[in-house]
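All values below come from the heavy atoms of this structure, side chains included, with hydrogens, waters and symmetry mates left out.
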Amino acid sequence: MAVHRAVDKDQEDNNRIKSIRMRKITLITCGLMCVWNVYAQNEDEILRYSQQFQFGTARSQAVGGAFGAVGADFSATSINPAGVGLYRRNEIHLSTGINYNSNRSSYLGTTTDEGRTNLTMPSMGVVVTKVFNEMGRDVQQGLASLSVAAGFNRINNFQTTQSYSGNNKSSSIINSFLEQANGRPYQNFDNNFPVNDPANMAWRLYIIDTLPGSAATYINKFASDTTSQFNHFAQSGLITNRGAMNEYNVTTGINISNFVYLGASLVLTHAYRESELVFNERIVDPLMPGQRSLSYKQNIDASGTGVGGRFGIIVRPVDMLRIGFSAQTRTRINMREDYYFEMRETNISEVYRGPNDFIEYQIVTPFRFTGSVMLMAGQHGFVTDDVEMIDYSTGYISSSFDFSRANTNAANLYRQVYNIRTGAEWRVSDIFMLRGGYTLLQSPYKKEILGNTTANLDMQQISGGAGMLVERFFYDFTVSHLFGQSLFAPYTVSTGQFASVTNSFSFTNFVLTAGYRF
């Protein structure tokens with residue numbers, strides 16, 4: 001028969017084994033839209049490293065990233081590499097910018113605002129072009145020109161800060177700890193410590209305890225001594241993310257008879273992210289001030305690289321029309337996450353912190369296809385549209401650990417989307433251009449997420465900018481504003497009695513690109 005622990009836990013803790021080699025566990029991390037639960041499988045990671053956003057040059061961002069058929073801009077290397085075949089000169093450029101991220105989070109009727117500003121470098125590259133000629137004239141039939149481009153474009157930004165708070169009268173994060181602990185004999189907790197296991201930590205801090213007469217059934221001891229006036233749990237959290245995804249590529253584009261343009265890119269993707277997630281919970285009891293509170297933290301450093309390819313074609317049947325198509329292969333990103341968990345409770349001075357550990361896995365991203373069209377208005381400008389298709393449900397995780405649940409969840413939770421980008425450029429004079437664009441990014445989720453069937457999780461972006469060409473120098477400036485809504489749960493329980501955070505977010509980018517053609 002199991003022995004129920006006495007209230008005087010400090011003496012018992014002094015006799016426990018303090019440091020035993022930890023066992024490896026499966027880890028989930030948290031992004032804008034995720035469930036924060038260490039024992040869930042991290043299908044969130046599939047989405048996090050599969051989504052791409054068009055940063056690139058200021059000119060490309062100004063027209064909503066709809067550059068699949070326009071070409072002759074370095075951003076084409078990340079959309080349709082055939083656009084490199086439209087270059088007629090050598091080029092070098094650098095883009096810099098400022099990004100402001102704003103988050104308004106609503107949790108249990110309370111709204112919290114956070115904002116963050118950081119410097120960015122969305123694009124840098126060089127293009128070398130060879131225009132073929134015969135007898136002093138440019139070739140009109142056959143191979144007319146060849147261009148090679150090398151550099152990088154930013155394709156995702158993880159720089160966010162988000163906080164939330166609210167008064168919860170129906171559930172506690174301890175309900176999640178109990179579900180993780182039930183069925184596991186308490187002797188396992190004694191023999192496996194320190195470990196990055198929140199149920200283990202909660203047991204050792206006397207937040208949960210075995211039910212008298214049972215060795216593997218647990219009860220909530222956190223609020224056991226409160227009065228009948230016990231009101232609710234005051235809950236709050238802070239999520240801080242840093243990092244980005246950059247794409248380094250080498251692209252070749254050719255021009256055949258000024259009619260067909262072909263291109264191919266070798267793509268190296270690099271992702272890095274630092275994340276700290278803190279959840280706080282405090283008992284609110286009017287008759288017993290200073291009641292117990294707990295704090296639970298996850299600290300994660302993740303990085304990885306992957307290789308893929310991109311292929312494209314642009315056809316120009318008449319001077320005023322260009323039609324493009326591109327395909328991006330799957331990318332296998334080899335990830336490593338270094339992490340530790342930490343838990344503390346006010347009545348016990350000791351803080352339980354798991355050891356530094358890591359997990360390695362591979363994110364295999366879905367295929368991506370883009371169709372594009374551009375209409376020229378002579379020398380006055382153009383209108384352009386891109387439609388991108390990607391099926392997020394086909395992404396998966398590969399690892400020596402069992403991620404079958406994550407892959408099943410991704411197949412059931414995510415869907416195929418069609419992202420629409422449209423933009424226009426108008427040449428005001430020989431040296432000045434005005435630009436504008438709009439982007440609609442469909443939600444990667446099926447209709448229901450965290451039990452919510454009404455949330456609109458599409459993202460939208462509006463952008464505008466101007467350009468100036470002075471002899472061989474060009475300068476482009478753009479302001480873009482990406483906005484939308486996301487959902488996540490600080491914790492989940494199988495009964496469904498948990499609350500989710502609704503977050504309205506926006507990313508405002510100010511981008512300047514300077515370049516030289518020679």
Is NZ or CZ of Arg353 both nearer than 6.0 Å to the six-membered ring centre of Tyr340 and within 45° of the ring axis?
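Yes, a cation-pi geometry.
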
Does the structure place the NZ or CZ of Arg154 under 6.0 Å from the centre of the six-membered ring of Phe55, at an angle of no more than 45° from the ring's axis?
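The answer is no; the distance or angle limit is not met.
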
For side chain to side chain donor-acceptor pair (under 3.5 Å), just list the numbers for Asp73 and Thr57, CA-CA rounded to whole Å, side-chain angles, deciding distance to a tenth of an Å, and then say yes or no.
CA-CA 8 Å; Asp73 183 274; Thr57 65; 2.8 Å; yes

What are the two closest heavy atoms between [X] and [Y], and how far apart are they?
| X | Y | result |
| --- | --- | --- |
| Tyr218 | Pro185 | OH-C, 3.5 Å |
| Met201 | Phe341 | CE-O, 3.4 Å |
| Gln485 | Leu457 | O-CD2, 3.2 Å |
| Thr513 | Ser95 | OG1-OG, 2.6 Å |
| Ser494 | Glu179 | OG-OE2, 2.6 Å |

How are the rings of Trp203 and Phe189 set to each other: parallel, tilted or perpendicular (split at 30° and 60°)?
tilted

Parallel, tilted or perpendicular: rings of Tyr361 and Phe403 (30°, 60°)
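Phe403 vs Tyr361 ring planes: tilted.
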
Step through the shown structure and confirm whether more than 12 heavy atoms of other residues, nucleotides or ligands are within 6.0 Å of CE on Met124.
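No.
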
Heavy atoms from other residues, nucleotides or ligands near CZ of Arg104 exceed 12 (cutoff 6.0 Å):
no

Taking the side chain as every heavy atom from C-beta outward, state whether [X] and [Y] have any pair of such atoms under 4.5 Å apart.
| X | Y | answer |
| --- | --- | --- |
| Phe67 | Arg59 | yes |
| Leu94 | Met121 | yes |
| Asp301 | Tyr339 | no |

When Arg421 is tested against each of Val387, Val63, Asp386 for side chain to side chain contact (heavy atoms under 4.5 Å, CB included), which residue passes?
Asp386

Gln362: which of Ile397, Thr331, Asn334, Ile333 passes side chain to side chain contact (heavy atoms under 4.5 Å, CB included):
Asn334

Between Glu247 and Arg310, does any NZ, NE, NH1 or NH2 come within less than 4.0 Å of an OD or OE carboxylate oxygen?
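Judged by the 4.0 Å cut-off on N to carboxylate O distance, Arg310 and Glu247 do form a salt bridge.
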
